[in-house]
Amino acid sequence: MPQPARLIPAGFFLRPVDQVAQDLLGRHLRHGPVTLRVTEVEAYGGPEDSASHCRSGRTPRNAPMWEAGGRAYVYFCYGMHHMLNVVTGPAGQAAAVLIRACEPVRGLDLVRRRRGGQEGPVLLTGPGKVAQALALDLGFSGHPLFRRGGLELLEGDPGGMVLRGPRVGIGFAQPADRDLDWRFALADTPWVSQRRTLRQIIASTGYEQSLE
DNA sequence: CACAGGATCGTT
DNA sequence: ACGATCCTGTGT
């Protein structure tokens with residue numbers, strides 16, 4: 001009988017949000033029979049980040065972002081999509097990583113069913129698609145990812161080369177925040193959205209070190 | 001209580 | 001390039 005995949009320890013999340021964002025690439029998200037490998041993410045900060053949901057301080061919606069890292073922050077967008085974030089940093093300091101794209105690891109049939117019978121990267125390249133494939137809703141906002149049960153974050157398959165570039169869909173933000181290269185994606189997979197805006201290349205993710 | 005807008009997606 | 005669709009934050 002195979003060993004169950006290991007959870008990511010809570011200490012992993014208690015670091016700067018852009019660092020956690022890079023190290024989330026290649027990790028696995030599991031909800032029941034569906035397991036996805038993270039291929040694309042974006043980092044969001046607190047009140048100092050005009051692109052963040054915390055730009056105006058604490059509200060009922062963004063409350064999980066102010067908790068200690070390791071929980072989910074899920075919100076509802078454009079009246080029809082749920083978005084999954086991973087909260088980072090110590091309690092009282094708001095930050096989170098938006099999961100923008102994944103590739104299937106397990107439960108592909110169920111993912112196809114939930115995504116309307118589509119095939120290929122169109123299944124999972126986009127934050128709304130990821131949440132739909134994992135069957136997430138607002139009830140998962142605040143859910144711990146470092147414990148067994150419900151939605152879990154697990155060790156995965158390391159990626160190699162990483163691409164980075166500006167965040168997507170934040171035209172309303174201040175220019176300095178729009179220019180931050182806080183979007184990260186694995187270079188060697190087709191399961192990435194909006195690849196053309198990824199302009200820099202990073203050698204690796206520092207994946208092994210982050211697990212100690 | 002009313003209203004404007006949004007970290008998107010799929011079609012035109 | 002555009003419309004769907006409703007939660008959310010803000011203001012009255």
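Per chain, numbering begins at 1; letters A, B, ... match sequence-line order.
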Can you list the steps and then say if A:S52 with A:M65 is a side chain to side chain contact (heavy atoms under 4.5 Å, CB included)? CA-CA 10 Å; A:S52 170; A:M65 283 186 68; 3.8 Å; yes

Please say which of A:R55, A:Q174, A:R167 ends up in a side-chain hydrogen bond (donor to acceptor under 3.5 Å, both in side chains) with A:D49. A:R167

By the Watson-Crick or G-U definition, both distances under 3.5 Å, C:dC7 is matched with B:dG5

How far does CZ of A:F140 sit from CG of A:N85, to the nearest 0.5 angstrom? 15.0 Å

In B/S/- notation, 5' to 3', how is nucleotides 2-12 of chain B contacted by protein heavy atoms closer than 4.0 Å? ----BBBSS--

Under 4.0 angstrom between A:T59 side-chain N/O and C:dG9 OP1 or OP2: yes

What heavy-atom pair brings A:M83 and A:L98 nearest, and what distance separates the two atoms? CB-CD1, 4.0 Å

Polar side-chain atom of A:N62 near backbone of A:G57 as donor-acceptor pair, under 3.5 Å: yes

